[in-house]
Amino acid sequence: MLETRNLTLHYGQSQILWDVDITAATGRVTCLMGTNGVGKTSLLKAISGTHQRSGGDLVLDGEVLPRLPSHALAQKGVAYVPQGRDIFPLMTVRENLETGFACLPKSDHMVPDQIYELFPVLKDMTNRRGGDLSGGQQQQLAIGRALITRPKLLLLDEPTEGIQPNIIQQIGRVIEFLRDEGQMAILLVEQRFDFAHGLADDIFVLKRGAVVLKGEKTALDKAEVLRAVSV
């Protein structure tokens with residue numbers, strides 16, 4: 001579903017990503033791992049169009065894409081749940097979910113029952129303002145909003161950050177469910193090693209903006225991966 005070829009990214013005069021080649025397949029969870037500051041979030045932003053890549057190719061579902069803004073990539077099936085969630089605090093839960101309609105034809109402007117089945121709290125709090133929700137509830141809202149767009153590629157940046165353990169477990173079950181449905185590729189950035197390793201089908205490790213280790217989880221030694229993502 002996703003392939004990057006020699007992808008590079010600069011912020012001003014600073015180069016952040018160096019010739020990054022990764023793939024993410026439909027029906028699999030691909031984990032992007034590494035210590036803080038190695039370029040994981042920057043790579044997700046380059047893939048989502050939040051920041052424009054400096055060079056290299058982005059291939060989605062076999063199509064080599066030009067540099068596109070984030071809304072155009074969303075319409076092509078890229079959904080991004082950023083670190084920090086970015087929900088609209090003064091809008092209700094339902095209104096937050098409905099912002100995902102912008103990527104869909106008018107005939108599809110409905111909140112699927114599956115969203116509420118995956119995240120029952122969103123149905124219970126449908127008329128509450130987003131800013132009144134806990135961190136874990138906001139994270140569920142952010143993922144639910146992304147799923148409204150019916151993505152081909154789901155990008156998740158630190159979905160367990162600052163969240164209580166029971167919600168972390170629920171998010172893990174949702175990721176497994178979405179993977180097993182086989183309708184999207186999931187690219188996960190996550191600092192919790194055991195959480196990420198447990199979900200991963202494929203692993204890419206970044207260091208100083210470049211891929212230093214990659215492969216199917218079953219083919220990689222867990223201790224070697226842990227060493228690669230340690231300071």
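We use all heavy atoms of the structure for the numbers below, so side chains are in, but hydrogens, waters and symmetry mates are not.
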Nearest heavy atoms of Val211 and Phe204, plus distance in Å: CG1-CD2, 4.1 Å
Within one Ile-Leu-Val-Met-Phe-Trp-Tyr cluster: Leu188 and Met1, side-chain cutoff 4.5 Å: no
Nearest heavy-atom neighbours spanning Arg208 and Trp18: O-CD1, 3.5 Å
Thr160 versus Glu190, side-chain donor and acceptor atoms under 3.5 Å: yes
Check against side chain to side chain donor-acceptor pair (under 3.5 Å), Gln191 and Asn36: CA-CA 8 Å; Gln191 287 288 354; Asn36 285 329; 2.7 Å; yes
Pairwise side-chain contact, Arg129 with Leu90, heavy-atom cut-off 4.5 Å (strictly under): yes
Under 3.5 Å donor-acceptor, Glu95 side chain and Thr92 backbone: yes
Lys/Arg-Asp/Glu bridge criterion (N-O < 4.0 Å) met for Asp202, Arg28: yes
Note, Val121 side chain near Val93 side chain (heavy atom, < 4.5 Å): no
Criterion side chain to side chain contact (heavy atoms under 4.5 Å, CB included) on Thr149 and Gln75, from CA distance to verdict: CA-CA 8 Å; Thr149 68; Gln75 290 173 335; over 6 Å; no
Val229 with Leu32, same ILVMFWY side-chain cluster at under 4.5 Å: no
Min side-chain heavy-atom separation Leu154-Leu147 under 4.5 Å: yes
Minimal non-hydrogen separation, Met125 against Gln137, with atom names: CE-NE2, 3.3 Å
Side-chain ion pair, Asp61 and Lys76, N-O less than 4.0 Å: no
Flag, side chain of Gln15 to backbone of Leu17, donor-acceptor distance under 3.5 Å: yes
Co-membership, hydrophobic cluster, residues Leu155 and Leu68, 4.5 Å side-chain: yes
Candidates Ile47, Leu73, Ile186 - the one meeting side chain to side chain contact (heavy atoms under 4.5 Å, CB included) with Leu153: Ile47
Leu118-Leu199 co-clustered via ILVMFWY side chain contacts under 4.5 Å: yes
Donor-acceptor contact present, side-chain Lys45 to main-chain Arg53, <3.5 Å: no
same_hphob_cluster(Leu187, Ile203) at 4.5 Å side-chain heavy-atom cutoff: no
Carboxylate-amine/guanidinium contact Arg179 Asp201, below 4.0 Å: yes
Separation of Thr30 OG1 from Glu216 CD (nearest 0.5 Å): 10.0 Å
Within residues 22-52 or reaching into it, pairs that qualify as ring-ring contact (aromatic ring centres under 6.0 Å, His included) - sequence neighbours excluded: Tyr11-His51
Residues Gln114 and Glu181: side-chain donor-acceptor under 3.5 angstrom: yes
Any side-chain heavy-atom pair of Ile171 and Ile163 under 4.5 Å: yes
